[in-house]
Novice: 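Sending over a structure as structure tokens; questions will come in a sec.
Atom set for the values below is all heavy atoms of this structure, side chains included, hydrogens, waters and symmetry mates excluded.
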Amino acid sequence: MAQWDRLRQLPIAYRQQLHELYDRDALPMDVRHYLAPWIEKQEWQRAARDHAFAMVLFQVLLENLDIQHSRFVQEESFLLQHNIRRYKQNFQRYVDDPCALATTILWFLEKEKEILESAELAEKVQLLQVEPEAMETSSQQDLERKLAGLRNEVQCMEHTIICLEEQQDEFDFKFQTQKLEAVVDEARKKEQIKALQLLVNKLNNCRKVWSLNDILDRIQDIIDVLVKKELVEWQRRQQKACIGALDNVCLDQLEKWFSCVAVCLFQVWEFLTKLEELVGKVSYENDPVKAQNPTLQKRVDTLLRDLLKSSFVVETQPSMPQGKGSLVLRTNVQFSVKARLLVKFPELNHSMKVDVSMDNKPPVFCRYRRFNVLGTKIKALNMAESTNGGMVADFRHLTLKEQKSGGGGKGVSDISLSVTEELHIIYFNTVFELKGFSVELQASTLPVVIISNSSQQQSAWASVLWFNMLSQDPKDVMFFANTPAATWPQFGEMLSWQFLSATKRGLDDTQLEMIANKLFGKKPNYDSCTVPWSKFTKENTPDTFWVWFDGILMMVKTYLEDLWRDGLIMGFVTKGKEKSLLKKKKRGTFLLRFSESVIGGITFSWVEITVTGEPDVKTVQPFTKVDLSQIPFHEIIRNYQILEAENVPENPLLYLYPDTPKDKAFGKYYTEKSGEDSPYIKYIKTKLVFVSKENTLEARSPMPSDMAQGEGLEPMNGLCGEAAGESCLSLLAFALFALIPTSPVLITCNCSSAMHAGSLQALKVKVIENCRVQQGLPAFLMAPLSEANFPFVFSIDTSENP
């Protein structure tokens, strides 16, 4: 089923997420809906990198919109005609940068997949009948019991207040009645006074509201647990989730608890108001209500204020639609952020206005930048923008603009941080008003890093990772003025989160051990080792540890996610460990690992058996995004061949470590076609050529020529003289035997001297009967041949300076 059709069949909560996703101008939902089949069939990932291809898709998109417009004209759908015409006009802004449109559409498709995955996970959990109570901790269960007890006591107090009011009404009625009656009999008069005295004593006992203090003690205890434990733990989980951890950051349970306590506190607040009214009607000397009420009221106000101020939080941290991660913002680029009030009162829906601002009291040091928030800065808390009915203010169209500092931005401190080490906080302010109680509330984001150029994203994300991995103070904007080091357990866990969030599979202990070995050298245990900030992102500039690691992560996420998730890539393994593993295995066993020297590179090594029976491990030059963007890695492995000495080309990759047959491991990824029918064969023939030289194998960089189109191969850089000629001839033999063994071939060679005559003659002997060789120089000129007679033409230059 098509992705769009699956989305339309999701439960309403997930369809609401879809509506929120498409509540943006970048890709209208109408366009996504009417062009769904076409959109899902296109290679947007390729278009995001290939300007020419992106321009083709851009033109086809406009044509499809024209077709839809014509259809609506025939159907006399006036509104849809107008919308489609407007959408087409809006898309015209991508005419100079179609790759940006491709990137935008790709981002929307990825977000759709995330919604589908969330829905599928929820369905699986439901099928497994996982009870929410089973996931609660003992402390949460204890909190639930306390809240149940609090609700019961408040109900009892409500009944007590009602009884107190009834008793006071009875006393007031009898007292007023006695005043109206003119009783002469002293005995009867004394009886009436005695009866009234009993009523006063009873009323006085009821007015001794000591139980209210007990209720407030219970509320104080619960608030301490909520604010100092549960909320703090949620904030820490949110910090970790921002950098890739799969922690639960749902606020529904906290909202339930906060709302329960707030409702009980407001009931107590109303009880005190009612008691004040009763005191106004009937009071006497040493009245306990009159004596205690002010103290109780002050305590209730304090508890309410503390609870409400803690209940205003940032549910979704700031993020750009196509950013590397949350908390990295770029000037003049829109970002979104969501604030939430955990105390839910339906009567406050759309009544509380939230205002956004930047850095109330920014640190004063050299060159610290200031920013203004632009866009829709004021929104009302409402329940419509939340999938679960929470009170939220969802800001989706905010931007930041740097303030111009006339004084050069100098501060009183000598501290100077780089742009990506500067931390800024965004604040949200509102006023809570209910039943006569009013308090100002403020929420703040985690510190954000603000950049002005996309080239700073990698470094900015490193700062976000480091801060949220180590900082226990979410408002410490001076964190990088004295940056702490990370312990290896903290650091390794953070690295694993990066893969976990990007590919749904983290790093295992063996892979983490290799990384630790790279950082610290061989040690029996790394738990006591520490990684300083400078070693993570500053040493060996520009190829820092983070640049190396992030290059691998981006390559895996873009090109190798399925292979990585299925555990086919060993990945992080040292060359020494690799050799020790493979030498124990049978011939043709291979493994896939990340390059330690090439940024964003992956290679494979396999074991051969020498003539003496000894194992010999061989490694191919790493593949990078240049290679993987043209041919899927599994197809490279499937069709890889190598020519050594006089041997017929063959694929040396037989078993994926430890002993899984190659086709069994990678078979499900293969295209249906194989051999000459494979759509990748022509690329492998012309783009990737593997040449053996002694015991080292190198993967040549993709060549821009295309044999299938009759164009010649370009020279192989780095070879000259006789070595160049031999390599070129090896390449010819490989092409003739491995790629087109039954097709007529025209080979044109340009040699600077006659020193290659013997090699050429040897090659002619090897060439199959229907292949003919033509050399470019007169001394070796064969009969003139027309290139039109040959479907494959090879042109090789072996001059001294190719």
Side-chain angles (χ1 to χ4, degrees), residues 137 229 231-249 317 324-328 417-418 420-423 445-449 458-540 544-554 556-557 571-574 594 596:
T137 64
K229 182 179 182 298
L231 186 60
V232 169
E233 289 179 359
W234 173 83
Q235 288 171 337
R236 183 57 189 154
R237 290 198 303 273
Q238 187 186 48
Q239 271 190 283
K240 290 159 53 177
C242 283
I243 57 174
L246 299 182
D247 284 12
N248 178 21
V249 292
Q317 294 294 329
K324 193 171 182 66
S326 58
L327 302 174
V328 176
L417 301 177
S418 67
T420 56
E421 291 177 329
E422 266 188 27
L423 300 178
T445 66
L446 290 169
V448 299
V449 178
Q458 189 177 55
S459 179
W461 183 240
S463 297
V464 170
L465 292 176
W466 206 261
F467 177 89
N468 290 288
M469 172 177 57
L470 298 177
S471 178
Q472 299 297 320
D473 180 3
K475 294 186 179 182
D476 183 12
V477 295
M478 297 296 293
F479 176 82
F480 287 103
N482 186 21
T483 315
T487 64
W488 167 247
Q490 291 174 315
F491 188 73
E493 185 179 42
M494 180 271 289
L495 295 181
S496 184
W497 289 341
Q498 304 315 295
F499 272 86
L500 187 63
S501 62
T503 67
K504 306 297 187 293
R505 180 173 181 263
L507 303 177
D508 59 32
D509 292 341
T510 303
Q511 292 163 336
L512 287 172
E513 184 180 359
M514 177 272 176
I515 297 174
N517 191 1
K518 179 180 177 69
L519 288 169
F520 311 113
K522 186 66 176 177
K523 293 180 181 293
N525 187 284
Y526 296 98
D527 288 350
S528 60
C529 296
T530 59
V531 183
W533 168 241
S534 58
K535 192 167 189 176
F536 178 56
T537 189
K538 293 188 176 183
E539 289 183 4
N540 302 319
T544 64
F545 173 87
W546 169 240
V547 170
W548 171 76
F549 184 87
D550 190 52
I552 292 172
L553 180 63
M554 290 301 100
V556 171
K557 182 178 180 181
F572 295 99
V573 56
T574 62
F594 302 131
E596 295 182 64

Novice: Taking all atoms of both residues into account, what is the closest heavy-atom pair of Y526 and N517, and its distance?
Specialist: OH-CA, 3.7 Å
Novice: In chain order, what residues pass the salt bridge (Lys or Arg N to Asp or Glu O under 4.0 Å) check against K535, with sequence neighbours excluded?
Specialist: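 Result, salt bridge (Lys or Arg N to Asp or Glu O under 4.0 Å) vs K535: none returned.
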Novice: Under the side chain to side chain contact (heavy atoms under 4.5 Å, CB included) rule, collect the residues that match up with S459, sequence neighbours excluded.
Specialist: T420
Novice: For the atom pair OG1 (T537) and CH2 (W546), what is the distance rounded to the nearest 0.5 Å?
Specialist: 8.5 Å
Novice: Looking at residues at least two apart in the chain, or sitting in another chain, which of them share a side chain to side chain contact (heavy atoms under 4.5 Å, CB included) with Q498?
Specialist: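 Per chain and number, Q498 pairs via side chain to side chain contact (heavy atoms under 4.5 Å, CB included) with I243, W461, L465, M494, F549, L553.
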Novice: Compare all side-chain heavy atoms of D550 with those of M554 and state whether any distance is below 4.5 angstrom.
Specialist: yes
Novice: Rounded to the nearest 0.5 Å, what separates atom SG in C242 from atom CG in L327?
Specialist: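 Reported value, rounded in 0.5 Å steps: 4.5 Å.
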Novice: Closest heavy-atom contact between G506 and L500?
Specialist: N-CD1, 3.7 Å
Novice: Looking at V464, is its backbone amide N or carbonyl O close enough to the side chain of N468 to form a donor-acceptor pair, meaning the two atoms are under 3.5 Å apart?
Specialist: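 Checking the backbone N and O of V464 against the side chain of N468, a donor-acceptor pair under 3.5 Å is found.
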Novice: Which value, rounded to the nearest 0.5 Å, describes the distance between K475 atom NZ and T445 atom OG1?
Specialist: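 Rounded to the nearest 0.5 Å, the NZ-OG1 separation comes to 10.0 Å.
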Novice: Restricting to non-hydrogen atoms, name the atom on A485 and the atom on P532 that form the minimum distance, rounded to 0.1 Å.
Specialist: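 A485 and P532 have their closest heavy atoms at CB-CA, 3.9 Å.
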Novice: Keeping Q317 on the side-chain end and L446 on the backbone end, is there a donor-acceptor pair under 3.5 Å?
Specialist: yes
Novice: Which residues pass the side chain to side chain contact (heavy atoms under 4.5 Å, CB included) test with R237, sequence neighbours left out?
Specialist: E233, W234, D247, V249
Novice: Measure the CZ-OG distance between F536 and S463 for me, rounded to the nearest 0.5 Å.
Specialist: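 Atom-to-atom, F536:CZ and S463:OG are 9.0 Å apart.
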Novice: Could you tell me which non-hydrogen atom of L423 sits nearest to which non-hydrogen atom of P447, and how far apart they are?
Specialist: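 Scanning both residues, the minimum pair turns out to be CB-CB, 3.8 Å.
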Novice: Would you say that more than 12 heavy atoms from the other residues, nucleotides or ligands in this model lie under 6.0 Å from the CG of N482, or not?
Specialist: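 Atom CG in N482 is not packed in, count stays at 12 or less.
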Novice: Which distance, rounded to the nearest 0.5 Å, do you find between the CE of M478 and the CD of E422?
Specialist: 10.5 Å
Novice: Looking at L512 and W488, what are the two nearest heavy atoms and their distance?
Specialist: O-CZ2, 3.2 Å
Novice: Indicate the atoms forming the closest heavy-atom contact of Q239 with F467, along with that distance.
Specialist: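 Smallest heavy-atom distance, with atoms named: NE2-CE2, 3.8 Å.
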Novice: So which pairs with a foot in residues 507-521 pass salt bridge (Lys or Arg N to Asp or Glu O under 4.0 Å), sequence neighbours left out?
Specialist: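 Checked against salt bridge (Lys or Arg N to Asp or Glu O under 4.0 Å) - neighbours excluded - the pairs reaching residues 507-521 are E513-K522.
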Novice: Excluding sequence neighbours, so at least two apart, what forms side chain to side chain contact (heavy atoms under 4.5 Å, CB included) with A486?
Specialist: W466, M469, L470, Q490, F491
Novice: Start with the C-alpha gap between D473 and F479, add the side-chain angles, then the distance that decides, and say whether side chain to side chain contact (heavy atoms under 4.5 Å, CB included) holds.
Specialist: CA-CA 9 Å; D473 180 3; F479 176 82; over 6 Å; no
Novice: Roughly how far, to the nearest 0.5 Å, is the CG atom of L507 from the CZ atom of F572?
Specialist: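 Between F572 CZ and L507 CG, I get 5.5 Å after rounding to 0.5 Å.
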Novice: For the side chain of W533 and the backbone of F480, is there at least one donor-acceptor N/O pair under 3.5 Å apart?
Specialist: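 Between the backbone of F480 and the side chain of W533 there is no qualifying donor-acceptor contact (under 3.5 Å).
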